[in-house]
Number of protein chains: 2
Amino acid sequence: MDTGCATATVTSVGEARREQAVAAALELLEQDGETALTMRRLAGQLGIRAPSLYKHFPNKAALEVALMAEGLRQMGDTLEAAPPDVAGLTRAYRSWALEHPHLYSLTTGRPLPRDELPSGVEERAAAPVLRVLGDEHRARAAWAAAHGLASLELAGRFPPDADLDAAWAALATAFDRRRPAQPVRETR
Amino acid sequence: MDTGCATATVTSVGEARREQAVAAALELLEQDGETALTMRRLAGQLGIRAPSLYKHFPNKAALEVALMAEGLRQMGDTLEAAPPDVAGLTRAYRSWALEHPHLYSLTTGRPLPRDELPSGVEERAAAPVLRVLGDEHRARAAWAAAHGLASLELAGRFPPDADLDAAWAALATAFDRRRPAQPVRETR
DNA sequence: ACCTGAACACCGTTCAAGT
DNA sequence: ACCTGAACACCGTTCAAGT
């Protein structure tokens with residue numbers, strides 16, 4: 001069976017419009033949040049009607065996958081540039097999440113469609129965490145911990161007077177092998 | 001100013017219908033997920049039309065707050081009954097999340113409307129965590145870590161072959177003051 | 001006090017038809 | 001190859017009207 005090499009080319013000729021749409025979608029999402037990201041509004045931004053978008057994306061989910069890929073790429077860049085220790089990674093992770101709240105929740109808040117994602121994107125984002133944490137189990141736990149604290153912070157789940165810098169520091173300490181010994185408190 | 005005692009009564013006479021609606025909504029949510037929870041379908045379950053629901057709830061958000069309160073109550077019960085150590089709490093938390101995936105994400109995945117929540121519900125769920133973790137910063141970090149790992153697990157974000165029991169164990173170890181010393185791996 | 005039908009302003013998506 | 005209008009099956013919500 002000769003499948004040719006067409007499936008291997010990443011960007012074909014008529015992809016310009018598609019990328020234009022992804023860029024406009026990203027802008028809509030980052031500026032006005034998830035509820036603003038509708039096929040009709042996106043079409044409006046491009047000067048076309050909603051049904052035309054279905055020539056470029058099979059459905060809305062495919063558009064969101066493109067945005068997720070962008071989010072994972074940005075997170076990968078962020079973590080690679082961070083100081084290679086637990087404190088450095090958590091600080092970088094938190095900053096990126098707070099600076100891109102809507103892209104952050106779209107990127108992390110739904111199932112990962114691994115088959116539809118550009119290959120390597122997930123691995124690249126995970127690599128610095130794995131390197132610093134040492135083994136995959138601790139890496140997954142630490143990643144999840146940072147995700148949990150970031151998403152609770154973004155969702156405004158903590159009391160207004162909560163000291164979140166301290167909570168982030170406690171999280172980093174918990175996963176740092178060289179953390180200072182924690183004295184067990186006296187039980188009176 | 002005499003405000004009377006009416007505001008203090010928790011359940012008034014005509015609340016039966018409302019509680020019936022909350023129970024039906026919970027069933028809809030747990031069985032068929034968030035997308036199944038619509039005002040029209042809920043009304044259908046009760047044998048009425050959607051507009052009638054607005055005599056019992058100002059809007060859909062208020063219905064969801066009632067479900068969140070139920071979720072927080074159940075989590076409080078679960079954590080209070082758990083063995084009072086880090087491993088016991090995380091195991092209980094994970095089990096409850098996996099057994100109630102849809103109620104879990106509704107309860108934890110949106111902003112906390114503290115003013116509309118029955119008082120004490122949040123505090124009761126947090127109390128066992130605070131007791132075991134010792135201080136509020138570590139408590140928030142550990143809570144967030146468990147939330148992060150539970151929600152990533154529920155969303156299917158890990159590779160199919162990932163050992164999530166080990167990830168949960170690593171998380172518990174990180175927050176356990178009496179954890180065994182972690183040898184730093186040789187860098188060859 | 002509770003419920004209704006009709007309507008409004010939205011969704012995602014399909015499809016025959018146009019260029 | 002790309003875009004269109006019209007339509008379908010949904011949403012949450014409002015409101016005048018019925019009992």
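Letters go in sequence order (proteins before strands), and every chain restarts at 1.
With the nearest nucleotide of DNA chain C identified for both A:Y54 and B:A50, B:A50 has the one nearer the 5' end.
Looking at every heavy atom in both residues, A:H147 comes nearest to A:T108 through CE1-OG1, 3.4 Å. Nearest heavy atoms, B:P159 versus A:R114: N-NH2, 3.3 Å. Taking both residues in full, the closest heavy atoms of A:L72 and A:L112 are given as CD1-CD2, 4.2 Å, listed atom of the first, atom of the second, then distance.
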Stepwise side-chain contact (heavy atoms from CB on, under 4.5 Å) test for B:L42 and B:L63:
CA-CA 11 Å; B:L42 174 57; B:L63 171 68; 3.6 Å; yes

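Note that the CG atom of B:L149 and the CD atom of B:E153 stand 6.5 Å from one another [nearest 0.5 Å].
Regarding contacts with the backbone of C:dA6, every side-chain N or O of B:R49 stays at 4.0 angstrom or more from both OP1 and OP2. Distances shorter than 4.0 Å separate none of the side-chain N or O atoms of A:R17 from OP1 or OP2 on D:dA1. OP1 or OP2 of D:dT4 sits under 4.0 Å from a side-chain N or O of A:S52. Contact annotation: B:H56 side-chain N/O to C:dC3 OP1/OP2 distance is under 4.0 Å.
Looking at DNA chain C, the stems built from 3 or more consecutive Watson-Crick or G-U wobble pairs, each pair with its key distances under 3.5 Å, are C:4-8 with D:12-16, C:12-16 with D:4-8.
Listed nucleotides D:dC11, C:dC15, C:dT4 differ in distance to B:R41; the shortest reach to its side chain belongs to D:dC11.
A salt bridge links B:R94 and B:D165; the closest N-O separation between the charged side-chain nitrogens and carboxylate oxygens is under 4.0 Å. A salt bridge is defined here as a Lys NZ or Arg NE, NH1 or NH2 lying under 4.0 Å from an Asp or Glu carboxylate O, and A:D77 with A:R124 meets this definition.
The interatomic distance linking B:M39 (CE) with D:dC10 (C1') rounds to 16 Å, in whole Å. For the pair B:I48 CD1 and D:dT19 C1', the computed distance is 16 Å after rounding to whole Å. Taking atom CG of B:L37 as the reference point, atom P of D:dC10 lies 17 Å away to the nearest angstrom. Residue B:F57 contributes atom CZ, which lies 14 Å from atom C1' of C:dC2 at whole-angstrom precision. Across the protein-nucleic acid pair, B:L63 atom CG and D:dG12 atom P stand 10 Å apart, rounded to whole Å. Whole-Å rounding puts the A:L53 CG to C:dT13 P distance at 10 Å. Put simply, CZ on A:R18 is 13 Å from P on D:dC2, counting in whole angstrom units.
If you check residues 20-34 of chain A against DNA chain D, you find no residue with a heavy atom closer than 4.0 Å.
Residue-level contact check: B:K55 touches the bases, meaning some heavy atom is under 4.0 Å from a base atom. If you check every strand for non-hydrogen atoms under 4.0 Å, B:T38 touches sugar and phosphate atoms only.
Residues A:S151 and A:R157 have side chains not in contact (no heavy-atom distance under 4.5 Å, counting atoms from C-beta outward).
Between the base of D:dG12 and the side chain of B:R40 there is a donor-acceptor pair shorter than 3.5 Å.
Pairs passing the ring pair (Phe, Tyr, Trp, His ring centres under 6.0 Å) check and including a residue from residues 70-98 of chain B, sequence neighbours excluded, read B:Y93-B:Y104, B:Y93-B:W143, B:W96-B:H100.
For B:R91, the CZ atom counts as loosely surrounded, since its 6.0 Å shell holds 12 or fewer non-hydrogen atoms of other residues, nucleotides or ligands.
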